[in-house]
Amino acid sequence: MEVLTSDNKFVGELDDAYNEIIARLMDAGKKITAKVRYLLRTEEYNVMSLDVFLKEF
């Protein structure tokens with residue numbers, strides 16, 4: 001699952017171990033947003049810490 005900025009710039013990807021629940025919620029039509037708390041970029045990979053939010057209507 002890709003992590004994008006609010007203007008659709010690619011930041012990184014969530015490992016499969018972390019994205020199953022989020023993907024299921026999104027498939028069910030739920031609005032999911034996240035705030036990047038920490039981002040470390042290297043030439044090989046990005047390390048991120050995210051706060052994930054579920055918006056109920």
Side-chain angles (χ1 to χ4, degrees):
M1 179 176 294
E2 292 183 343
V3 177
L4 306 173
T5 65
S6 58
D7 56 349
N8 289 327
K9 292 182 181 172
F10 180 79
V11 176
E13 292 187 19
L14 290 180
D15 187 273
D16 288 343
Y18 300 106
N19 73 20
E20 182 178 351
I21 293 171
I22 295 169
R24 287 181 186 218
L25 289 166
M26 292 173 70
D27 288 345
K30 303 295 184 183
K31 172 81 173 170
I32 304 291
T33 59
K35 181 176 182 180
V36 178
R37 292 180 132 259
Y38 174 82
L39 175 62
L40 171 65
R41 293 179 184 232
T42 71
E43 290 183 19
E44 297 177 30
Y45 57 86
N46 294 339
V47 176
M48 292 180 278
S49 174
L50 304 172
D51 290 330
V52 179
F53 303 94
L54 167 65
K55 185 163 186 172
E56 291 282 351
F57 296 98

For [X], which residues count as a salt bridge (charged side-chain N to carboxylate O under 4.0 Å, His left out) partner, sequence neighbours excluded?
{"X": "Glu13", "value": "none"}
{"X": "Asp51", "value": "Arg37"}
{"X": "Asp7", "value": "Lys9"}

Please determine whether residues [X] and [Y] belong to a single hydrophobic cluster, defined as Ile, Leu, Val, Met, Phe, Trp and Tyr linked transitively by side-chain heavy-atom distances below 4.5 Å.
{"X": "Leu54", "Y": "Val52", "answer": "yes"}
{"X": "Phe53", "Y": "Val3", "answer": "no"}
{"X": "Leu50", "Y": "Leu4", "answer": "no"}

Pairing residues for Met26 by the side chain to side chain contact (heavy atoms under 4.5 Å, CB included) criterion, not counting sequence neighbours: Met1, Ile22, Ile32

Going by side chain to side chain contact (heavy atoms under 4.5 Å, CB included), name the residues that satisfy it together with Asp15, two or more places apart in sequence or in a different chain. Ala17, Tyr18

Output side-chain donor-acceptor pairs under 3.5 Å for residues 38-45, partner residues at least two apart or in another chain, one line each.
unit_1 : atom_1 : unit_2 : atom_2 : d
Thr42  : OG1    : Glu44  : N      : 3.2
Thr42  : OG1    : Tyr45  : N      : 3.0
Thr42  : OG1    : Tyr45  : O      : 2.8

What's the spacing between Glu2 CD and Asn8 CG if we round to 0.5 Å? 10.0 Å

